[in-house]
Amino acid sequence: MNELRLIQHALLLGQYRNFARTAEALNLTQPSLSRGIAALERSLGVRLFDRTSKGVFPTAYGRLLLE
């Protein structure tokens with residue numbers, strides 16, 4: 001997957017704040033989306049989202065990306 005596509009996935013994840021709903025909107029499986037976001041975070045060297053039981057929240061770096 002290219003980085004532009006992964007960035008688009010991250011932008012949508014920032015909107016939905018939920019991996020399952022984001023994956024559904026992208027017509028992907030949730031594990032595939034999770035792997036893609038993890039790959040983007042590895043390539044950038046920063047964590048973009050905090051994953052909690054209440055949802056997904058952007059970190060400071062994630063907020064920069066979303067802006």
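Note that the structure is predicted; figures quoted are calculated from it, not measured. Quick note: residue numbers are just sequence positions, from 1.
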To the nearest 0.5 Å, tell me how far [X] [atom1] sits from [Y] [atom2].
X: Asn18; Y: Gln30; atom1: CG; atom2: CD; result: 8.5 Å
X: Leu65; Y: Leu44; atom1: CG; atom2: CG; result: 7.5 Å
X: Thr29; Y: Glu24; atom1: OG1; atom2: CD; result: 12.5 Å
X: Leu12; Y: Leu26; atom1: CG; atom2: CG; result: 5.0 Å
X: Arg21; Y: Gln15; atom1: CZ; atom2: CD; result: 10.5 Å
X: Arg47; Y: Tyr61; atom1: CZ; atom2: OH; result: 13.5 Å

Would His9 and Leu28 count as a side-chain contact (heavy atoms from CB on, under 4.5 Å) here? Give the steps.
CA-CA 10 Å; His9 291 179; Leu28 295 173; 3.5 Å; yes
Notebook entry, point to check: Are Arg35 and Glu41 within salt-bridge range, i.e. N to O under 4.0 Å?
Noted result: no
Among the clusters formed by ILVMFWY side chains lying less than 4.5 Å apart, do Leu66 and Leu64 turn up in the same one?
no
Test of understanding: clusters of I, L, V, M, F, W, Y form through side-chain heavy atoms closer than 4.5 Å, transitively. Do Ile7 and Phe49 belong to the same one?
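Yes, same cluster.
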What's the shortest heavy-atom distance between Ala23 and Leu33, and which atoms?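 Result for this residue pair: N-CD2, 3.6 Å.
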Shortest non-hydrogen pair, Glu3 vs Ser43, comes out as OE2-OG, 3.5 Å
Please assess Arg51 against Ile37 for the test side-chain contact (heavy atoms from CB on, under 4.5 Å), listing each intermediate value before the final yes or no.
CA-CA 12 Å; Arg51 294 121 171 112; Ile37 296 297; 3.4 Å; yes
*asked:* Assess the residue pair Thr59 and Val46 against the criterion (side-chain contact (heavy atoms from CB on, under 4.5 Å)); give the C-alpha distance rounded to whole Å, side-chain angles, the decisive distance to 0.1 Å, and a yes or no.
replied: CA-CA 9 Å; Thr59 63; Val46 296; over 6 Å; no
